[in-house]
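Heads up: the structure comes next, in structure tokens.
Naming: A, B, ... by sequence-line order, numbering from 1 per chain. Quantities reported herein were computed from a predicted structural model and do not represent experimental measurements.
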Number of protein chains: 2
Amino acid sequence: MAYEQLKLENQLCFRLYTAARLTMGVYHPYLDPLGITYPQYLVLLVLWEQDKQPVCDIAKKMMLDTNTVTPLLQRMEKSGLINRTRGKEDSRQRIVSLTEKGKAIQEQAKHIPECLSNDVALKTGDAEEIVKMIPTLDKLIDGLKKVEQ
Amino acid sequence: MAYEQLKLENQLCFRLYTAARLTMGVYHPYLDPLGITYPQYLVLLVLWEQDKQPVCDIAKKMMLDTNTVTPLLQRMEKSGLINRTRGKEDSRQRIVSLTEKGKAIQEQAKHIPECLSNDVALKTGDAEEIVKMIPTLDKLIDGLKKVEQ
DNA sequence: CAAATTTATATCGTTCACGATGCAAAATTA
DNA sequence: TAATTTTGCATCGTGAACGATATAAATTTG
């Protein structure tokens with residue numbers, strides 16, 4: 001028999017992992033018509049907030065490393081959402097900018113957050129309580145982010 | 001400028017996704033010496049709780065599909081953690097059982113949950129509040145799980 | 001019982017996540 | 001200024017997720 005602490009149902013991380021996966025699944029019907037994936041949607045969020053950013057800034061905001069972000073951006077360039085130009089001041093940098101297509105998607109995407117929150121509310125019965133996790137999740141993320149030494 | 005709702009900082013899903021990734025990262029120093037990944041650890045948790053289960057039962061408990069679980073189990077069989085035998089009553093089934101190696105790891109793993117919770121407490125300053133998210137995460141997961149029609 | 005449907009698993013292709021490594025352009029130091 | 005270190009990005013390989021599709025064995029239906 002298993003040790004009590006080794007039961008799946010006692011694992012916080014498993015819940016985070018599952019909740020993240022399932023929530024991303026809810027985005028599917030909204031992102032598929034736009035031809036983008038959830039991580040690509042996150043990149044667009046970053047660029048819609050401020051266009052023309054180097055790869056490292058995007059990576060930092062997404063809390064990912066460049067070895068994840070670079071291929072992601074390459075795919076997005078290939079599908080015509082962004083351009084990647086060399087930095088003028090620092091020629092190591094790649095400045096990522098939205099194409100017209102990338103900009104245009106924002107109009108179609110602006111209702112997604114509301115749709116999502118409606119969907120979640122409908123399915124869980126209580127979105128209120130779920131939104132209340134946000135500050136705690138931030139605390140967790142902030143704590144874990146530091147530990148990387 | 002971005003619509004307010006389209007800011008990365010306003011996204012719940014992004015937090016779940018990031019929190020899950022970073023928390024899995026905390027497992028690394030414990031799982032690496034055992035030669036397993038986090039999803040493989042989850043499979044072992046399921047099998048330690050009850051040995052000899054068909055793929056579909058494992059998949060259901062992990063809330064994943066067989067197209068994710070099958071290759072995962074194949075890799076685990078390759079590394080000598082499990083065996084996969086044909087079901088006797090239902091020959092479509094693959095019964096997954098722990099090898100001696102798979103069983104032996106349980107002893108080394110039994111301290112992981114406590115280590116994790118210590119690490120998280122140390123890094124966040126307050127594990128109490130984080131553990132309190134569990135019922136809400138369960139509510140969210142339960143809600144989203146149903147929606148798949 | 002035969003036909004149709006469902007179930008259990010597997011395979012394939014694409015996209016991510018991430019450790020390890022490489023490289024050239026800055027920035028720092030001696 | 002030359003040598004060293006750091007930074008920004010890219011590449012490679014492996015392991016996941018997951019949609020789509022396939023196949024054979026059960027199960028249900030007609």
Judged by nearest nucleotide, the residue sitting upstream toward the 5' end of DNA chain C, A/Y38 or B/H28, is A/Y38

Using a 4.0 Å cut-off on heavy atoms, which residues in residues 84-97 of chain B reach DNA chain C? List them by number, or say none.
B/R84, B/R92, B/Q93, B/R94

Where chain B begins and ends its contact with DNA chain D, read 5' to 3' at 4.0 Å from heavy atoms
D/dG15 to D/dA26

About how many Å separate NZ of A/K110 and CD1 of A/I105, when rounded to the nearest 0.5 Å?
14.5 Å

Which value, rounded to the nearest 0.5 Å, describes the distance between A/L22 atom CG and B/L140 atom CG?
7.5 Å

Side-chain touch A/V55/A/Q93, heavy atoms, less than 4.5 angstrom
no

Measure from the side-chain N and O atoms of A/T68 to the backbone N and O of A/L64, and report whether any donor-acceptor pair falls under 3.5 Å.
no

Sorted by chain and residue number, the salt bridge (charged side-chain N to carboxylate O under 4.0 Å, His left out) partners of B/K60 (sequence neighbours excluded) come out as none

Using a heavy-atom cut-off of 4.0 Å to chain A, what are the terminal contacting nucleotides of DNA chain C, in 5' to 3' order?
C/dT15 to C/dA26

Option from B/R92, B/R86, B/R94 for which salt bridge (Lys or Arg N to Asp or Glu O under 4.0 Å) with B/D90 holds
B/R92

Please evaluate residues A/Y27 and A/D119 with respect to the criterion side-chain hydrogen bond (donor to acceptor under 3.5 Å, both in side chains), reporting the C-alpha separation (whole Å), side-chain torsions for both, the decisive distance (0.1 Å), and the verdict.
CA-CA 10 Å; A/Y27 278 89; A/D119 285 357; over 6 Å; no

For DNA chain C, determine which residues of residues 56-72 of chain A have any heavy atom closer than 4.0 angstrom to one of its atoms, and list them numerically.
A/L64, A/N67, A/T68, A/L72

Please report the interatomic distance CG(B/L116) to CG(A/L12), rounded to the nearest 0.5 Å.
9.0 Å

Rounded to the nearest 0.5 angstrom, the OG1-CE distance for B/T136 and A/M133 is 5.5 Å

Residues that A/D51 engages under salt bridge (charged side-chain N to carboxylate O under 4.0 Å, His left out), provided they are two or more places apart
none

